[in-house]
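To start, the structure itself, in C-alpha cells.
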Amino acid sequence: AQSVTQLGSHVSVSEGALVLLRCNYSSSVPPYLFWYVQYPNQGLQLLLKYTTGATLVKGINGFEAEFKKSETSFHLTKPSAHMSDAAEYFCAVRVGGSEKLVFGKGTKLTVNP
Amino acid sequence: DAGITQSPRHKVTETGTPVTLRCHQTENHRYMYWYRQDPGHGLRLIHYSYGVKDTDKGEVSDGYSVSRSKTEDFLLTLESATSSQTSVYFCAIQTGTGNTGELFFGEGSRLTVL
C-alpha cells in the first residue's frame, strides 16, 4: 500500500528565507503526488500536483515541487517566505487506478518576522 | 469553483447519541469522500462514494456509516458517538477525471463528543 512521510511536523523560517518542506512516498508503481495547504479554520486547498511529464511542478503562491523518482521524494519549496505562507501543508499520494488519496501527517509552517 | 457545503459546521453531542453530518455539492461530481483530521494524524479516509448507492470503506471506517441516495448529497453517520470520534470532519469531491483528479474540500465540521 502506498504511504506518505512528511519529515518534520513543525518548520520555522524567517520572512524572506527559503521554505523547504519534505515529503517522501512509498509506492511500487509510479505515483500521482499532490501538495495541499490548510489555513487556520479552513479546508484544504490544492497547491500543486505531479502527474506525468515534467518533474518540476509549479503551483500557486510561488511554490514548486520536484518529483525525484530515485529518491522517492516530492519536496515543496519556495525561494522567499512570506508571512501569509504560515499554514499547515499536506503531501498526498494516489497510486494509479486507486480512487483514494492518502495524506501525510502534515507540516506546520511558521514564518517569523 | 466547485460548490461544496457541510452541515452542521459545529456540533456538540453526548456519548451514545447518533450524529449525521451532511455534505452537499452543487455539481455532479461522481466521487465524494469523508475524512477526519486529528492532530498528529493528518487526514484519514473514513468512507468514500463513487456514485449513487456506491460506497466503500477507508482506513478508519469502524463506527461510521455513509449513504448516498442522490448525486449531490453524501451523509456520514455515527450510530452511537464516542469520545474518540471527537474530530474535525472534512468532505471532499473529486474534480477532474482519473488519477489526476484533484480533491476539493469543504470547510469542515467540528464535532465534540462529551
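A note on names: the letters A, B, ... follow the listed sequences, proteins ahead of strands, and every chain is numbered from 1.
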Is B:Y35 in contact with chain A via its backbone, its side chain, both, or neither, using a 4.5 Å heavy-atom distance?
side chain
Any idea which heavy atoms bring B:Y48 and A:K100 closest together, and the distance?
CE2-CE, 3.5 Å
Could you check whether any side-chain heavy atom of A:F103 comes within less than 4.5 Å of a side-chain heavy atom of B:Q37, counting everything from C-beta outward?
no
Proximity breakdown for B:Q94 and chain A, heavy-atom pairs closer than 4.5 Å
side chain
Side chain, backbone, both or neither: which part of A:Q38 has a non-hydrogen atom closer than 4.5 Å to chain B?
side chain
Proximity breakdown for B:R110 and chain A, heavy-atom pairs closer than 4.5 Å
side chain
Taken to the nearest 0.5 Å, the spacing of A:T51 OG1 from B:E102 CD works out to 10.0 Å
Only pairs of heavy atoms separated by less than 4.5 Å count here; which of A:Q45, A:K49, A:Q42 has the most with chain B?
A:K49
Which heavy-atom pair separates B:E107 from A:N41 by the least distance, and what is that distance?
OE1-O, 4.2 Å
With a 4.5 angstrom heavy-atom cut-off, could you sort out which part of A:Y36 is near chain B: side chain, backbone, both or neither?
side chain
Need one label for B:Q6: side chain, backbone, both or neither, based on atoms under 4.5 Å from any heavy atom in chain A.
neither
Salt bridge (Lys or Arg N to Asp or Glu O under 4.0 Å): pairs with one or both residues in residues 55-76 of chain A, sequence neighbours excluded:
A:K58-A:E64
Looking only at atom types and distance, does a side-chain atom of B:Y33 sit under 3.5 Å from a main-chain N or O of A:L101, one as donor and one as acceptor?
no
At a 4.5 Å cut-off on heavy atoms, which part of B:L45 comes close to chain A: side chain, backbone, both, or neither?
side chain
